[in-house]
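To keep things clear, I will list the structure first and then write my remarks on it.
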Amino acid sequence: MTKPFRAVISDLDGTLLNGEHRLGEFTIETLEKLAAKGVDIFLATGRSLPDVRRIMSKVNINEATLVTSNGARANNLAGELFVNHYIPEQIAFEIMTTTPFDPFNVCLNSYQADDWFINVDVEPLRKFHQESGFMYQVIDFKKHHGKQTEKIFFIGRTPESLVPVEQFIAEKYGDQLQLTYSTPQCFEIMAKSVCKANTLSQLVAARGYDLQDCIAFGDGMNDVEMLSQVGKGCVMGNADQRLRNALPNHEVIGDHKEQSVASYLRTIFEVV
């Protein structure tokens, strides 16, 4: 049987990971069976590379491509670097030290090289990284630096608490950066033109095909370009409403808590 798509591309949180932010056994088995059929596996996420590599260590496959920090970096499972884009150092430091925000309702984070920095300890964030054990370092950003910054992100208690942050960044740096949301409460900043779709397009071209030969799954606004450009883009039932509004004609599948991506893939690839 001819494979319906050359590659499978999936976001992680709210998409491939279950309600405990882990890969379920059904999903792990599905990825292994797809790889055995010769289907290319791409994970495209806002998470950092060390985080994703640890998550993928539970999957028994030899090859997969990890697109991390929303496309700022891409590596294979062995760690070989394919793509790397940093926010200009001075701009990164300015954003970290001059952006006004309410410290009671918003926290500041950065992914720099293999490290995750944060301005305050936020206990609920730990649950997102139980699977990988990847953890932040609490620092004073005014005594920090802007080197090797793949992504800066602000997490708010509510979406409304992030509005002034987004307005400040967009007005001051909007033409120099890529701005998006991974969830309604997580505003994310990368170097100009960095998004999952642009990096994925480059990666699949190196393999001799294009995004139209791929199927992709996502739930956040950081997935909109990717889902728009692939041959088949599927929106999760639990997706950010803004994503559903942006892609009204895309198929909506089940909830990530039910491992719906794996179920969908088994059907279209005829995996038993």
Side-chain angles (χ1 to χ4, degrees), residues 5 7-35 39 41-48 51-59 61 64-71 124-134 153 155-156 159 180-188 195-197 200 214-228 230 232-269 271:
F5 297 98
V8 168
I9 303 168
S10 184
D11 173 50
L12 286 178
D13 292 287
T15 303
L16 197 65
L17 302 185
N18 62 23
E20 285 71 51
H21 307 282
R22 300 174 185 271
L23 285 175
E25 288 301 323
F26 182 69
T27 297
I28 290 172
E29 291 172 7
T30 302
L31 293 175
E32 291 171 351
K33 290 184 176 185
L34 289 172
V39 179
I41 306 294
F42 291 84
L43 298 184
T45 175
R47 288 185 181 235
S48 181
D51 197 4
V52 182
R53 287 185 72 182
R54 293 175 200 174
I55 291 172
M56 283 300 291
S57 67
K58 298 185 181 301
V59 185
I61 59 178
T65 304
L66 313 180
V67 176
T68 54
S69 294
N70 292 326
L125 281 179
R126 296 177 182 274
K127 68 182 181 180
F128 285 86
H129 302 274
Q130 290 174 358
E131 178 83 340
S132 68
F134 183 61
F153 54 112
I155 301 173
T180 191
Y181 280 83
S182 58
T183 73
Q185 291 167 244
C186 191
F187 173 58
E188 313 210 337
C195 66
K196 295 178 182 182
L200 286 161
C214 307
I215 183 170
F217 302 85
D219 74 305
M221 287 303 290
N222 59 337
D223 299 313
V224 67
E225 299 93 350
M226 173 180 83
L227 296 177
S228 300
V230 292
K232 171 80 174 177
C234 296
V235 177
M236 302 303 294
N238 52 274
D240 184 340
Q241 187 60 46
R242 289 176 294 183
L243 180 66
R244 298 178 71 159
N245 294 345
L247 302 174
N249 298 318
H250 279 55
E251 182 176 357
V252 178
I253 67 167
D255 194 286
H256 73 114
K257 295 177 182 176
E258 299 161 358
Q259 301 187 70
S260 297
V261 171
S263 296
Y264 193 96
L265 289 172
R266 286 190 182 228
T267 298
I268 66 165
F269 283 95
V271 171

How many angstroms lie between [atom1] in [X] and [atom2] in [Y], if you round to the nearest 0.5 Å?
{"X": "Met226", "Y": "Cys214", "atom1": "CE", "atom2": "SG", "answer": "10.5 Å"}
{"X": "Lys33", "Y": "Ile28", "atom1": "NZ", "atom2": "CD1", "answer": "13.0 Å"}
{"X": "Gln259", "Y": "Leu16", "atom1": "CD", "atom2": "CG", "answer": "8.5 Å"}
{"X": "Leu265", "Y": "Leu34", "atom1": "CG", "atom2": "CG", "answer": "5.5 Å"}
{"X": "Ser69", "Y": "Asn222", "atom1": "OG", "atom2": "CG", "answer": "11.0 Å"}
{"X": "Ile155", "Y": "Glu188", "atom1": "CD1", "atom2": "CD", "answer": "8.0 Å"}

Exercise answer: donor-acceptor pairs, residues 246-253 side-chain atoms, under 3.5 Å, sequence neighbours excluded:
from, atom 1, to, atom 2, distance (Å)
His250, NE2, Leu227, O, 2.9
Glu251, OE1, Lys232, NZ, 2.7
Glu251, OE1, Tyr264, OH, 2.7

task: Go through Ser263 and Phe26 one step at a time and tell me if the side chain to side chain contact (heavy atoms under 4.5 Å, CB included) criterion holds.
output: CA-CA 8 Å; Ser263 296; Phe26 182 69; 3.4 Å; yes
Worked check of side chain to side chain contact (heavy atoms under 4.5 Å, CB included) between Glu32 and Ile61: CA-CA 6 Å; Glu32 291 171 351; Ile61 59 178; 4.1 Å; yes
message: Once ring-ring contact (aromatic ring centres under 6.0 Å, His included) is applied, do any residues pair with Tyr181, and if so which ones, sequence neighbours excluded?
response: Phe187
Minimum heavy-atom distance [X]-[Y], with the two atoms named:
{"X": "Gly14", "Y": "Asn238", "result": "O-ND2, 2.9 Å"}
{"X": "Val261", "Y": "Met236", "result": "CG2-SD, 3.7 Å"}
{"X": "Ala44", "Y": "Lys196", "result": "O-NZ, 2.9 Å"}
{"X": "His21", "Y": "Leu17", "result": "O-CD1, 3.6 Å"}

message: Less than 4.5 Å apart, side chain to side chain, heavy atoms only: is that true for His256 and Asp219?
response: no
task: Please lay out, stage by stage, how Phe217 and Ile215 fare under the test side chain to side chain contact (heavy atoms under 4.5 Å, CB included).
output: CA-CA 7 Å; Phe217 302 85; Ile215 183 170; 3.7 Å; yes
- request: With sequence neighbours excluded, give me every salt bridge (charged side-chain N to carboxylate O under 4.0 Å, His left out) pair touching residues 253-262.
  value: none
Pairs meeting criterion salt bridge (charged side-chain N to carboxylate O under 4.0 Å, His left out) with involvement of residues 14-24, two or more places apart: Arg22-Glu131
task: Please say which of Thr180, Thr45, Asp223 ends up in a side chain to side chain contact (heavy atoms under 4.5 Å, CB included) with Asn70.
output: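 The passing option is Thr180.
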query: Would you say the side-chain atoms of Ser48 pair up with the backbone N or O of Asp51, donor to acceptor, closer than 3.5 Å?
result: no
query: Quick check: does any side chain N or O of Gln185 sit under 3.5 Å from a backbone N or O of Gly156, one acting as donor and the other as acceptor?
result: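 Present.
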- prompt: Excluding sequence neighbours, so at least two apart, what forms salt bridge (charged side-chain N to carboxylate O under 4.0 Å, His left out) with Glu29?
  reply: Arg266
- prompt: Can you name the residues that form a salt bridge (charged side-chain N to carboxylate O under 4.0 Å, His left out) with Asp240, not counting sequence neighbours?
  reply: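 Expected list: Arg242.
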message: side chain to side chain contact (heavy atoms under 4.5 Å, CB included) for Leu23 and Asn18? Distances and angles first, verdict last.
response: CA-CA 6 Å; Leu23 285 175; Asn18 62 23; over 6 Å; no
